[in-house]
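Working notes, structure below.
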Amino acid sequence: ANYLAATPVTQSFQITPASQTITFTLPVTMAVLGSGTITLAAAASSGLQVTYAMLNAGSAPVSAWFGVEFGVNLLTGSAHDRYLSADGYGPVQLGGNGDVAGTGQVALRDDWMRLEFGMRFGSPARLFHFPIETVSQSEAGQERVHQGCVVLPCWRLDLAPGASWEQNIDISVRRTG
C-alpha cells in the first residue's frame, strides 16, 4: 500500500456562555460527620448544547465517520436499575455493549439515585456503547471492576470540496422520579 501524509487540519471553537439558574430545593438529606444532617438538591434551568462543524477545505471529497466519545459513571454496571436506552433499544445494563443504528437520543439512568444523563442528537446517529473496566487484585484473586461506560455517537460524512456539515448534541443531567 502507498500511504500519503494527512493534510493539516484547522480547528476553531466558539464558546458562548448562556444564562443559567440553579435552584436549591430540599429532597436529599445527607449525614455530615459531627454535624448532624444537611439537606441539599439542585436543578438547572439549562442543559448544554454542543455544536460540531466540519468544513472540507481541501480539493478532494472526504468520506469518513465522525464520532464523539463520552465517558459516564453511574456506579455499578450490573444492577437492574442502572441502564441505557435509546429509540427502540434497551433497556440494557450499563455493563453491556452494543451498537444502535439511527437513534435520535440516548439516556443512561440510575433509578436508585434517581438520575439521568441524556443526549439528543440534531440528526440520527449510529451509537456504540461499552463498559470501562479495570482489573483489581483482591483476596479472591483478580476481578473485573466496573468504572463507567462509554457512549459513542457517530455520523457518516461525505463532503465534497467546500462542503460543510454541522451536528448539535443537547446534553442534560436531571433528577427522575
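Please read these numbers as outputs of a predicted model, since none were measured by experiment.
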Any donor and acceptor pair, going by atom type alone, linking the side chain of His146 with main-chain N or O of Leu75 inside 3.5 Å?
yes

Can you find a pair of side-chain heavy atoms, one from Leu94 and one from Leu108, that are under 4.5 Å apart?
yes

Can Gln147 and Thr134 be counted as having a side-chain donor-acceptor contact under 3.5 angstrom?
yes

So the salt bridge (Lys or Arg N to Asp or Glu O under 4.0 Å) pairs with at least one residue in residues 79-94 (sequence neighbours excluded) are Arg82-Asp110

Are the side chains of Val151 and Leu84 in touch, meaning some heavy atoms are under 4.5 Å apart?
yes

Are any non-hydrogen side-chain atoms of Phe70 and Ile169 less than 4.5 angstrom apart?
yes

For Leu55 and Gly162, which heavy atoms make the closest approach, and how far apart are they?
CD1-O, 3.6 Å

Do Val68 and Val72 sit in the same hydrophobic cluster, where Ile, Leu, Val, Met, Phe, Trp and Tyr count as joined when their side-chain heavy atoms come under 4.5 Å apart?
yes

Which residues satisfy the ring-ring contact (aromatic ring centres under 6.0 Å, His included) test with Tyr52, sequence neighbours excluded?
Phe66

Would you find more than 12 non-hydrogen atoms of other residues, nucleotides or ligands less than 6.0 Å from Gln137 atom CD?
yes

Taken to the nearest 0.5 Å, the spacing of Met119 CE from Leu48 CG works out to 11.5 Å

Listed by chain and number, what are the side chain to side chain donor-acceptor pair (under 3.5 Å) partners of Ser78, not counting sequence neighbours?
Thr76

pair Phe130-Cys149: side-chain heavy atoms closer than 4.5 Å
no

What residues form a salt bridge (Lys or Arg N to Asp or Glu O under 4.0 Å) with Glu133, not counting sequence neighbours?
Arg144

Go through the structure and list residues passing side chain to side chain donor-acceptor pair (under 3.5 Å) with Gln49, not counting sequence neighbours.
Asp170

Cluster check Val106, Val92: I/L/V/M/F/W/Y, side chain < 4.5 angstrom
yes

Pro153 and Trp155, any side-chain heavy atoms less than 4.5 Å apart
yes

Taking only residues two or more places apart in sequence, or in another chain, which ones meet Tyr89 in a ring-ring contact (aromatic ring centres under 6.0 Å, His included)?
His129

Can you name the residues that form a salt bridge (Lys or Arg N to Asp or Glu O under 4.0 Å) with Asp99, not counting sequence neighbours?
Arg126

Less than 4.5 Å apart, any side-chain heavy atom of Gln93 and any of Tyr83?
no

Once ring-ring contact (aromatic ring centres under 6.0 Å, His included) is applied, do any residues pair with Phe117, and if so which ones, sequence neighbours excluded?
none

Separation of Arg175 CZ from Arg114 CZ (nearest 0.5 Å)
4.5 Å

Test of understanding: with salt bridge (Lys or Arg N to Asp or Glu O under 4.0 Å), list the residues that count as partners of Asp111, not counting sequence neighbours.
Arg109

Test item: Leu115 and Leu74 side chains (from C-beta on) under 4.5 Å apart, heavy atoms
yes

Nearest-0.5 Å distance, CG of residue Leu157 to CH2 of residue Trp65
9.0 Å

Looking at every non-hydrogen atom in both residues, tell me the closest pair between Ser85 and Pro91 and how far apart they are.
CB-CA, 4.3 Å

Pairing residues for Glu69 by the side-chain contact (heavy atoms from CB on, under 4.5 Å) criterion, not counting sequence neighbours
Val150, Leu152

Closest non-hydrogen contact found for Ser59 with Pro161 is O-CG, 3.3 Å

Which atoms form the tightest heavy-atom contact between Pro131 and Asn97, and what is the distance?
CD-CB, 4.2 Å

Run the side-chain contact (heavy atoms from CB on, under 4.5 Å) check on Thr103 and Phe121 step by step: do they pass?
CA-CA 8 Å; Thr103 187; Phe121 311 120; 4.1 Å; yes

Heavy-atom pair of closest approach, residues Gly122 and Gln167
N-OE1, 2.7 Å

Partners meeting side-chain contact (heavy atoms from CB on, under 4.5 Å) with Ala163 (sequence neighbours left out):
Leu159, Ala160

Which residues pass the side chain to side chain donor-acceptor pair (under 3.5 Å) test with Ser138, not counting sequence neighbours?
Glu143

Checking side-chain polar atoms at under 3.5 Å, does Thr51 have a donor or acceptor matched by the opposite partner on Glu166?
no

Under 3.5 Å side-chain donor-acceptor pair for Ser63 and Arg156
yes

